[in-house]
Amino acid sequence: MPSHAGTPLIEARGLTRVYHRPRSSLTKPGAAVEALREVSLTVGRGERYGIVGESGSGKSTLLRLLCGLDRPTSGSIRFDGREITGLPERRLRFLRENLQIVFQDPMSSLDPRMRVRDLVAEPLVALGLPVGGRVAELLEAVGLPAEAAERYPHQFSGGQRQRIAIARALAPRPKVLVADEPVSALDVSVRGQILNLLADLVDELGLTLVFVSHDLSVVRHVCETVAVMSAGEIVETGPVDDVWAAPAHPYTRALLAAVPTLEGLL
Ligand SMILES: Nc1ncnc2c1ncn2[C@@H]1O[C@H](COP(=O)(O)OP(=O)(O)OP(=O)(O)O)[C@@H](O)[C@H]1O
Ligand SMILES: [Mg+2]
C-alpha cells in the first residue's frame, strides 16, 4: 500500500462511544454509558504512544475503535490518511495487514488447541500471505527455541506465552503494534523482560506503538508520548518525560502518587 508520508499514521477526531446497558425492565430503556467523550489524538509514524488511566477510563474502548474492532457513536479515524470509520470488514484489509494487537492475557488470546507453529502462522494464512520460514524467524526474534513450534500454549509459562502472542502479532510485518496492558497478567518477575523485548522489537523493526497501561512508570519505559485518560476523556497529553516530571492535571498527579510499581525492576 502506498503510504502518505506527510500525513500522521493515526488521526482520531472527536471520538465518542456510547454503550447501552441491557434494559432492566420492559418499559425503561437500558442506561447509556458514555465510555469515550470527544477524544482526539494523533500518532505519528514511528511514534511510541502510551495511553494511561485507571480502570474504566475508556482505554480499551479507544483501542478497539483505533483497531477497527468497534465503531464510534460519532467521530472519525484516519489510518495512513484513509478514513476507516464506517468501512465494512471486507474493506479493512489494509488495516488488518498494517496493524496488529497484543492483548493482556495470552492464555485467552491464544487458542489452546493450536500448535505454536499454526498460531504464529494464522494471521499470514488469514491474509493469504506466504508463511515460508517466517515462523522460525519470528520465534527466534522473540527469544523462543525452534522446537517451541511443535508445542501447545499450555506447555509454556505466562511470559513465554506472551512471547508467542508477540511473534504472532509481528507475523504480517505490521507498521503498527497495539498492546493493551500486555504485561499486567504476567508475574511481576517477567514483566520487565517482556517490556524490554517489546521495546527492542519496536525499535529494530521501526514500528509505531500504541500502548495501554494503568501504570505511568510502564508507559514511561516504552513510550515517548503519553495521553492520560480519565472518565472517557484525554485530560493531558505530551512527552512522557515532561508529564512524569511536571504533571499538569490533578488526575495525573493522583496517578503518579500511586506507587510506581516497576521502578527498580527494569
Ligand atoms: N461492551 C460494553 N458494554 C457496556 N459498557 C461497556 C462495554 N465496554 C466497556 N464499557 C464501559 O465503558 C467504560 C470504559 O471501559 P474500558 O473497558 O474502555 O475501560 P479501561 O480503561 O480499558 O479499563 P480497564 O483498565 O479495567 O481495562 C466502563 O465504564 C465500562 O464499564
Ligand atoms: Mg481495558
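Whatever order the structure lists them in is the order used to number ligands and atoms, beginning at 1.
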query = Quick one: does Ala35 get an N or O within less than 3.5 Å of an N or O on ligand 1?
reply = no
message = Below the 3.5 angstrom mark, is there an N/O of His20, backbone or side chain, next to an N/O of ligand 1?
response = no
remark   = Given the options Val190, Leu144, Leu139, Arg163 meets side chain to side chain contact (heavy atoms under 4.5 Å, CB included) only with Leu144
message = Within the 4.0 Å heavy-atom shell around Ser57, which atoms of ligand 1 are there?
response = 19 (O), 21 (O)
query = Does NZ or CZ of Arg82 fall inside the cone over Phe94's six-membered ring, less than 6.0 Å from its centre and within 45° of the axis?
reply = yes
query = Is the closest heavy atom of Gly56 to ligand 1 under 4.0 Å?
reply = yes
note = The closest protein heavy-atom partner of atom 17 (O) of ligand 1 is Ser60 CB, 3.9 Å
task = With Tyr49 as reference, evaluate Thr42, Leu209, Val212, Thr225 under the side chain to side chain contact (heavy atoms under 4.5 Å, CB included) test and give the passing residue.
result = Thr225
ask   = Counting only heavy atoms, which portion of Arg64 has something under 4.0 Å from ligand 1: side chain, backbone, both, or neither?
value = side chain
query = His249 vs Tyr251 aromatic rings, parallel, tilted or perpendicular, using cut-offs 30° and 60°?
reply = perpendicular
task = Can you establish whether the number of heavy atoms outside Arg253 located under 6.0 Å from its atom CZ is more than 12?
result = yes
ask   = Taking NZ, NE, NH1 and NH2 as the nitrogens, is one of them in Asp80 or Lys175 under 4.0 Å from a carboxylate oxygen of the other?
value = yes
Contact check: Thr61 to the Mg ion (ligand 2), N/O/S below 2.8 Å = no
task = Please work out whether any backbone atom (N, CA, C, O) or any side-chain heavy atom from C-beta onward of Glu54 is under 4.0 Å from ligand 1, and answer side chain, backbone, both or neither.
result = backbone
request  = Starting from atom 26 (O) of ligand 1, locate the nearest protein heavy atom and write down its residue, its atom name and how far away it is, to 0.1 Å.
outcome  = Ser55 OG, 2.5 Å
ask   = Does a sphere of radius 6.0 Å around CD in Glu140 hold more than 12 heavy atoms from other residues, nucleotides or ligands, not counting ones at 6.0 Å or beyond?
value = no
remark   = closest protein heavy atom to atom 6 (C) of ligand 1 is Tyr19 CD1, 3.2 Å
message = Under 4.0 Å and counting heavy atoms only, is there anything from the protein next to atom 4 (C) of ligand 1?
response = yes
task = List the closest protein heavy-atom neighbour of atom 25 (O) of ligand 1: residue, atom name, distance to the nearest 0.1 Å.
result = Lys59 NZ, 2.8 Å
query = Knowing that exactly one of Arg168, Gln160, Gln162 qualifies, which makes a side chain to side chain contact (heavy atoms under 4.5 Å, CB included) with Pro106?
reply = Gln162
query = Any chain of hydrophobic side-chain contacts (each under 4.5 Å) joining Leu127 to Leu205?
reply = yes
inquiry  = I need the atoms of ligand 1 closer than 4.0 Å to a non-hydrogen atom of Thr61, numbered in the order shown.
reply    = 14 (C), 15 (O), 16 (P), 18 (O)
